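Report on the structure given below.
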Amino acid sequence: MFDIEKIRKDFPILKRDVYGKPLIYFDNAATTQKPKAVVDAIAEEYYSVNANVHRGVHFLSQRATELHEEARETVRRFIGAESSEEIIFTRGTTESINLMAFSFGEAFIKEGDEIIISAMEHHSNIVPWQMTAERKGAKLKVIPISDEGEILLDEYERLFTGRTRIVAVAHVSNVLGTANPVKEMIRMAHERGVPVLVDGAQSAPHMPVDVRTLDADFYAFSGHKVYGPTGIGVLYGKKEWLDRMPPYQGGGEMIKNVSFLKTTYNVLPYKFEAGTPDFVGSHALAVALDYVNAIGMDNINRHEHELTTYAVDALSSLKDVRFIGNSASRCGVVSFLLGNVHPFDVGTLLDRLGIAVRTGHHCAEPLMHHYGISGTVRVSFGLYNTKSEVDAFIAGMERIAKMF
């Protein structure tokens, strides 16, 4: 059973008021709120087992190490990876992609090679690849999208050449909510011997993910978007690829032996985890993943799909609402404009009603250019949102529409 009232009690922040109104939090694509279990786990670890991991023989260090490595196994199960060796802890999706762009680029990208991304990517899946392309003398190629906000698979297929080295694509767009056909895209790339990185920042919180079913070569996601803490994220990579990639950073933990003549690197996954890891964050992330698994990712997906459909139908009844992206696969995100009203004005007025939405270009300026706009109002749902909150949002939008 999906008991929404019981779930909401797990999130203390939902009880607060904003400007004298009950908080309605519709900015989940930026970051999600945290259940009490996650915050309690952070406090408990600092108070009872705070010690550096992997390096101590004393009790606290041993216990902290156990929690850290148990968290790695929890992540492995959550995304269906084959081995915990394939789970690398990072600071988030952005660092995961930067790691990929540098390490994969150093190992496999040469002058004249090509990197494929899509027109709907977040800046974190554009800029690192641009930097790699500039450093290596490679070329960035962009998959075009339809006005509905869907990848054009025929055009995607035509982008491949003998110089294509990697595809990097969002599983779900943070602006459009489009759930891309990544399984099919991976199949098409693999037919040509090209690996694929999937940006899962917006898919991990909303749907079941199995990297082996997708056959993804790499998959990245952030803890803070899946009800976990900030500053912790994950990069999954197939072992056969990670083994061939050089470390991203140097320092402690990522080494096996060091001399002034030569350093030999550690085994996976530690080769990519230089320095003291966020071992408190990894444990809290595991608690968050256990939390959503207990509710059921299928249940969460179903609930959020109902909210999204409900919100789209309600917004459609308002005059002068223009949706940005209208994919049939829309997942938890609705972006729109209200006539000629600036998105910032809509967001500011909604805020005064206690309703938190996101406005602007959402770190996807090239996508805004595609639609010929400077930004949108974005409503994004989480597992604790309700239809009554959508009703309050629609009532707020009606008041704003009358004002303008």
Side-chain angles (χ1 to χ4, degrees), residues 10 32 34-93 95-96 99 200 204-205 209-212 219-239 242-243 247-258 264-295 297:
D10 293 334
T32 53
K34 317 308 172 194
K36 190 172 184 295
V38 169
V39 180
D40 288 348
I42 294 170
E44 177 63 21
E45 183 154 4
Y46 276 125
Y47 287 147
S48 64
V49 289
N50 180 44
N52 212 330
V53 296
H54 298 143
R55 297 167 188 163
V57 296
H58 58 83
F59 176 84
L60 293 185
S61 179
Q62 293 291 309
R63 183 58 186 141
T65 299
E66 288 171 2
L67 291 173
H68 184 60
E69 293 305 326
E70 286 169 5
R72 200 185 303 275
E73 175 62 17
T74 298
V75 172
R76 183 202 66 78
R77 291 194 303 269
F78 184 72
I79 62 172
E82 182 174 351
S83 168
S84 59
E85 292 179 302
E86 299 175 320
I87 304 300
I88 299 164
F89 285 121
T90 65
R91 290 183 300 137
T93 304
E95 185 174 57
S96 295
L99 187 163
V209 173
D210 189 306
V211 292
R212 281 185 285 178
Y219 182 91
F221 72 97
S222 297
H224 73 98
K225 294 184 190 290
V226 64
Y227 310 97
T230 57
I232 189 77
V234 172
L235 174 65
Y236 156 81
K238 288 181 179 177
K239 187 174 185 296
L242 295 177
D243 275 336
Y248 173 50
Q249 296 175 319
E253 189 63 28
M254 52 73 65
I255 54 88
K256 185 175 291 183
N257 302 105
V258 177
T264 55
Y265 303 134
N266 209 340
V267 296
L268 292 174
Y270 311 112
K271 180 174 78 170
F272 293 102
E273 295 181 350
T276 299
D278 186 359
F279 54 87
V280 176
S282 63
H283 172 56
L285 172 60
V287 172
L289 299 183
D290 285 340
Y291 180 85
V292 296
N293 272 334
I295 297 171
M297 292 306 299

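What you see is a predicted model, and the numbers here were worked out from it, not measured in a lab.
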Within a strict 4.5 Å, meaning less than it, do heavy atoms of the P247 and Y265 side chains meet? yes
To check you understand the geometry: which heavy-atom pair defines the closest contact between A64 and V49, and what is its length? CB-O, 3.6 Å
Got K36 and D40 here, is their nearest side-chain heavy-atom distance under 4.5 Å? yes
Nearest heavy-atom approach of A51 to S61 is CB-N, 3.6 Å
Check against side chain to side chain contact (heavy atoms under 4.5 Å, CB included), L242 and K239: CA-CA 5 Å; L242 295 177; K239 187 174 185 296; 5.7 Å; no
Side-chain donor/acceptor of K225 to backbone N/O of G223, under 3.5 Å: no
Side chain to side chain contact (heavy atoms under 4.5 Å, CB included) evaluation trace for Y291 with D10: CA-CA 10 Å; Y291 180 85; D10 293 334; 2.8 Å; yes
Let me check something: any side-chain donor-acceptor pairs from residues 278-285 under 3.5 Å, sequence neighbours excluded? List them with distances.
| residue | atom | partner | partner atom | Å |
| --- | --- | --- | --- | --- |
| D278 | OD1 | G281 | N | 2.8 |
| S282 | OG | H68 | ND1 | 2.7 |
| S282 | OG | F279 | O | 2.9 |

Which heavy-atom pair separates A81 from I87 by the least distance, and what is that distance? CB-CD1, 4.0 Å
Applying salt bridge (charged side-chain N to carboxylate O under 4.0 Å, His left out) as the test, list every pair that has at least one member in residues 46-63; sequence neighbours left out. R55-E253, R63-E66, R63-E70
List the atom pairs, donor and acceptor, that lie under 3.5 Å between side-chain atoms in residues 226-238 and the rest of the protein, sequence neighbours left out.
| residue | atom | partner | partner atom | Å |
| --- | --- | --- | --- | --- |
| Y227 | OH | L383 | N | 2.9 |
| K238 | NZ | D215 | OD1 | 2.7 |
| K238 | NZ | D217 | OD1 | 3.4 |

Flag the pair R212 / E82 as yes when at least one side-chain heavy-atom distance between them is below 4.5 Å, and no otherwise. yes
Could you grab the distance from atom CD1 of I42 to atom OH of Y47, nearest 0.5 Å is fine? 11.5 Å
Side-chain contact, heavy-atom cut-off 4.5 Å: F221 with I79? yes
When you measure from the side chain of T264 to the backbone of V258, do you find a donor-acceptor pair of N or O atoms at a distance under 3.5 Å? no
Within a strict 4.5 Å, meaning less than it, do heavy atoms of the V292 and M297 side chains meet? yes
Strictly below 4.0 Å, N to O, side chains only: are R72 and E273 in salt-bridge contact? yes
Do V267 and K256 make a side-chain contact, defined as non-hydrogen atoms from C-beta onward lying under 4.5 Å apart? yes
Any side-chain to backbone donor/acceptor pair from K271 onto Y248? Under 3.5 Å, distance only. no
With rounding to the nearest 0.5 Å, note down the distance linking CG in N257 to CG in N266. 9.5 Å
Any donor-acceptor pair under 3.5 Å from T65 side chain to H54 backbone: yes
